[in-house]
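What follows is a single structure, written as structure tokens, with notes after it.
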Amino acid sequence: MSTKDSELSEQYNKIFIEQAPTAIAMLDKDMRYIAVSQRWITDYKMEDKEIIGRSHYELFPEIGEDWKANHQKCLKGAIDICEEAPFKRADGTIQWIYWDVRPWYVSEGKIGGLLMHTGDITPQKEREKERARMIQILDKTNEVARIGTWEVNLSTNEVYWSKMVCEIHEVPENYRPQLETAINFYKEGESRETIQRVVNEAMLTGQPYDVEVELVTAKGTSLWTRAIGSGEFEDGKCVGLFGIFQDINEGKLAEQALSNANAELKAIFNSKSVAIITTNEKGIINHFNHGAEYLLGYSTSEIIGTQIPSLFAKMEEVERFRQDLSQKYGKDPLKGLAENNEFDVREWTYIKKDGSKITVQVTISAIKDTHGEITGSLTVASDITAIKNAEIELLRKNQVLNFAERLSMIGNWQWNTITNEVTWSSNLYKIFNVDIETRLTYDTYFSFVHPEDKEMVTNHVQYSLEEKKFPDLLHRIKLRNGTVKNIQLLAEIMTNDAGEVIELVGTCQDVTEQRLEEIKFRGLLESAPDAMVIVNEAGKINMINKQAEKLFGYSAKELKGKSVEILIPEAYSAKHPGHRAGFFANPKTRHMGEGRELFAINKKGKLIPIQISLSPLKTKEGVLVSAAIRDITSQKIAEGKILKAKEELEVFAKKLVAQNTKLADFTQITSHNLRAPVSNLNSLLGFYKLAQSEEEREDLFQKFESVIDHLTLTLNTLVEALNIRKNNNEDRLEEIEFNSVMVKTQEILAGEIMGTGAVIKSDFSKLPYIAYNKIYLESIFLNLVGNALKYRSADRVPEIYVSSGIENGKKFLKVTDNGQGINLKRHGHKLFGLNKVFHRHPDARGIGLFMTKTQIEAHGGSISAESEVNVGTTFNINFN
Amino acid sequence: MSSSLNVCIVDDDDIYQFTMVKTMKALNLTDKIMVFSDGEEALDFMLDNLHNDKELPDVIFLDIDMPIMDGFQFMEEYVKIKPKLGKKITIYMVSSSVDPVDIDRAKKISEITDYIVKPITHDQLTSIIQELDSNGSL
């Protein structure tokens, strides 16, 4: 074959292919299109595409590697035929195709490319699938309806049972019975005879059959089945039987159930709980069941033949019933009910034979015969007195609740958090001054919350939903008319099994008035000058004022609900609950801890001296105690100051007294010791002027001398005493040994000691030395020992004992004698005075003890005396 | 004219005793003058002469500041014996003390007629004696 020939034949082929009625494509060895049929283009939806010369794979990118491998095999001479295969297109659709791919030859043994012949069988495929689905549905239906098919081949006597038939017979699926055995499954007697007869007839005459017969399964269960069958004839001869088979046992059972229901109905008709009364078309009672007897107290014999309902119904109710139904149907009530196939249900009050009333629920309907003619009426009544009473009770309780709510300004509410539906009790509408028809949601409520409280309320609700508990909430609401109220909300949070909040149920109380009272009370509390703490019987703090906040350093919020013992120092707090119980047992106003110093402890742990007065406070919540607490720190400080000042004053007063005493001494001295000689001088001077003789003048002059001497002595003594007092500085202190002073004194007084034979003893072992002014100490010794000798007793040898020591931290010196003694009761007050003498002793001048006292006092010491007349005297010197 | 009054001076100051006696004699007020150096001496005399109206003084010039028993101590004892005395005795307290404490104390004692500050003048002395003398003569 020449090249030209072959080209020509290729050309023909192309034309043939292009015009072929089926989808054919011619491709070269590189799988590029040479020619395609029109059908190819429509099958693969390539109308608007350039195909010739392009690669098959470029046009069908969805072609997989397996197909490509097949094409390569074909290009080597293989033929690939497939009757159907799904071809998943790039756009996701499934195309069912068949194909025939084979090579075409340029010359003997030389392959020029591939010829592809395909068909789109998608529609056929879908129909096939549809059919399969229908069969499946049918099977399912059969299954549900328990319908199976069967066939009998009379030539072989073989029986075919479908799966369901096997199941109904309770035999395995592959069970293959004989005609004989199949018939034997039917129940002996009527059922088996029936099936035998109809099957024979069908075989003989071709008469189809449809019978309901009872079957006994392989497992012995007996059930009702429906057998339908017909014969198959060939040349007038029956060659087989076929038909369907249905398990109808359930239907049968239902029928039985119906008759059971009938029996039950009869039981109801005769029961005590339901009264059934029927009348004939004239309204004469012809049936009065047991229940009616029981309900109304009449016996059947009393009632039958009477006119309904004169005996036991209230006429006004009968009238209302007739009116209602006449209005509804525009005709006689019974007719209306009958024609509309309706019945009337309402509550009636029936009067029993004994006259008592009962509430009954009554259903009245018409009784019709098969032609629709009214033959009577049927009244079914049941006693709902108990239900009615409960209902009335409920209504009454609800009313009481409403009253209570109104009185206490409480309303209750429910908030379904899932649907956001809110229900309010009627009083709540009043509290919020909202029309009772208003549809409620959470936002309805929230819109009333006072603008300043909105944030607080939002936070509170959020907290409650998160924590699943709702602490009491007090806030203000602002009504549409501008009124502001205080309300208190209490609520319980309901959760579902998963613990999610589903509902809030609670109360809402208008506490505006209480709040006003509280504000008033709080005002009083705040205006109190003292810190106020209000405590309940359990010792929990209820309320405190600003002063208390200041005093204790806690905020009111911190203390509210805390035990009051938090404010009491540990040393007292243990005993406090006992005291508190005592107060509540006999609550009356009193001071706390009378006579004791009380302390409170503040937040920083500092003790504060306080004064507390307690008062009982009778409130709705029971008796509270209000404690007025006063910080007495400043008082305490002032008290301390006063005490100190007092002590200082006492010291000062002592000094003053001491100085006054000294001053008094001087007054005494100037009054007596100075004025007396001066007045004497004056008197003498007067006589001197009047003196007539020289002798008289001489005498007077001697007296002048005496007075002047006395005056001089007094003045000298005074000057000395003043010097001593002035020089009370401690410059001249030196350590002096008592014993050396004693020795010196004895030397000075040696003449008198020897003359009187006095015995002088001394003991300075306990205090041998003292820091003192030496001259003074020597003077003191000389005066005291000298006095002891001077005022010795005439009846006794003088004994003098001098000792020193320390008693109570004070240094002392003692001089004891056995002399005349002094009547201290009489002279004690002037013992140490100037010029005071107590003895009619010629040398007594009243200077010694005055000087001694002055010297001792100059050094801050003191001197005192003990004495008994005619026994002796002891002088005690306290050196400070 | 000399009265018949018994005058008693109780004072430890011998110069005073001297000037008083001398003055009364010079003024010719009385002849009967008794002198004691302290209260105790005077009291002892009165106890000895409780019912001897002739010897008991009509008037006593009593000093305060004396040894043994001073003027006030004497007055305490005098108040005790006064109911037993059959004679009314007028007492003047005479002292050089101008101390108000002394004056007040003296004035509180109802038995003391007056407090006289030393030196007692001639006129004072004369009028006292004359007044007493005239009262007594009534």
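Here is the naming used below: chain letters follow the sequence lines, and residue numbers restart at 1 for every chain.
Between chain A and the residues B/Glu76, B/Lys22, B/His122, the largest count of heavy-atom pairs under 4.5 Å involves B/Lys22.
For B/Thr23, the parts lying near chain A are the backbone and the side chain together; criterion is any non-hydrogen pair under 4.5 Å. Contacts of B/Val117 with chain A are made by side-chain atoms alone, with heavy-atom separations under 4.5 Å and no backbone atom involved. At a 4.5 Å heavy-atom cutoff, the contact between B/Asp70 and chain A is made by backbone and side-chain atoms alike.
The aromatic rings of B/Phe18 and A/Phe687 sit perpendicular, their planes meeting at an angle over 60°, well past the 30° parallel limit.
More than 12 heavy atoms of other residues, nucleotides or ligands shown are found within 6.0 angstrom of CG on B/Leu47.
Taking non-hydrogen atoms and a 4.5 Å limit, the residue list of residues 697-708 of chain A in contact with chain B, ordered by number, reads A/Asp699, A/Leu700, A/Lys703, A/Ser706, A/Val707.
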